[in-house]
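Throughout, residue positions are numbered sequentially from 1 according to the sequence presented.
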Amino acid sequence: MKHQRPSPSSVRASQAGVALIEVLVSVLLFSLGILGLIGLQTRAIGLSLDAEDRNRAALLANDIAATMWTTRTVAIDPDVGEPSWNDRASNPQAGGLPGGSVQISNVATNTVDILITWRPPQRPSGQQDSRLTTRVALPPP
């Protein structure tokens with residue numbers, strides 16, 4: 001039996017459209033890669049905003065602790081003063097946080113916990129507020 005070699009025209013006919021399929025597959029893979037990069041960028045921006053809010057909360061807690069150290073008392077009311085600590089915490093234009101609030105609770109003599117809570121605008125309402133707690137312990141008088 002003699003083995004027949006396929007003619008060049010039949011080989012070309014069986015491979016017609018293969019290049020187009022290869023290009024379509026490569027465009028699909030490239031598109032998935034670009035979508036993945038966009039998702040990573042979105043996540044990075046969200047984490048950057050969260051870090052910025054956490055930094056502002058830490059600066060606010062540091063200001064409250066510095067006031068306690070300079071006045072040598074932990075008896076500070078977050079609602080008293082002009083502007084009060086709660087007013088400063090809830091004003092994002094003045095270095096505060098979106099929906100920010102300050103709570104100061106006594107732990108022991110000359111020791112308090114400063115709790116700062118806020119809700120980022122991009123966070124769904126079902127999730128818990130962000131919070132930062134700082135403990136301040138002054139030496140005995």
Between [X] and [Y], is there a donor-acceptor pair closer than 3.5 Å when you use the side chain of the first and the backbone of the second?
X   : Y    : answer
S84 : G81  : no
S48 : A44  : no
R54 : S130 : no

Check: L49 and P120 side chains under 4.5 Å, non-hydrogen atoms: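 Answer no - side chains too far apart.
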side-chain contact (heavy atoms from CB on, under 4.5 Å) evaluation trace for T111 with R135: CA-CA 7 Å; T111 303; R135 180 164 286 179; 3.9 Å; yes
Shared hydrophobic cluster for L24 and L32 (ILVMFWY, side-chain gaps under 4.5 Å):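 L24 and L32: separate clusters.
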W69-I76 co-clustered via ILVMFWY side chain contacts under 4.5 Å: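 Linked, W69 and I76 end up in one cluster.
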Derivation and outcome, side-chain contact (heavy atoms from CB on, under 4.5 Å), residues L115 and S105: CA-CA 8 Å; L115 174 65; S105 57; over 6 Å; no
Chi angles and distances behind the side-chain contact (heavy atoms from CB on, under 4.5 Å) call for T134, D113: CA-CA 6 Å; T134 301; D113 279 344; over 6 Å; no
Distance from [X] atom [atom1] to [Y] atom [atom2], nearest 0.5 Å?
X    : Y    : atom1 : atom2 : answer
L60  : W85  : CG    : CH2   : 6.5 Å
I116 : I104 : CD1   : CD1   : 8.5 Å
I64  : L59  : CD1   : CG    : 11.5 Å
D79  : Q103 : CG    : CD    : 10.0 Å

Heavy-atom pair of closest approach, residues R119 and Q128: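 For R119 and Q128, the tightest heavy-atom pair comes out as NH2-C, 4.1 Å.
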Heavy-atom closest pair, residues M68 and L138: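 So the two residues come closest at O-CD1, 3.7 Å.
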CA sep, side-chain torsions, deciding dist, call: L40, R43, side-chain contact (heavy atoms from CB on, under 4.5 Å): CA-CA 5 Å; L40 283 173; R43 181 80 172 135; 5.6 Å; no
Between side-chain atoms of residues 91-102 and protein atoms elsewhere (two or more places apart, or another chain), which donor-acceptor pairs fall under 3.5 Å?
from, atom 1, to, atom 2, distance (Å)
N91, OD1, Q93, N, 3.2
S101, OG, T117, OG1, 2.8

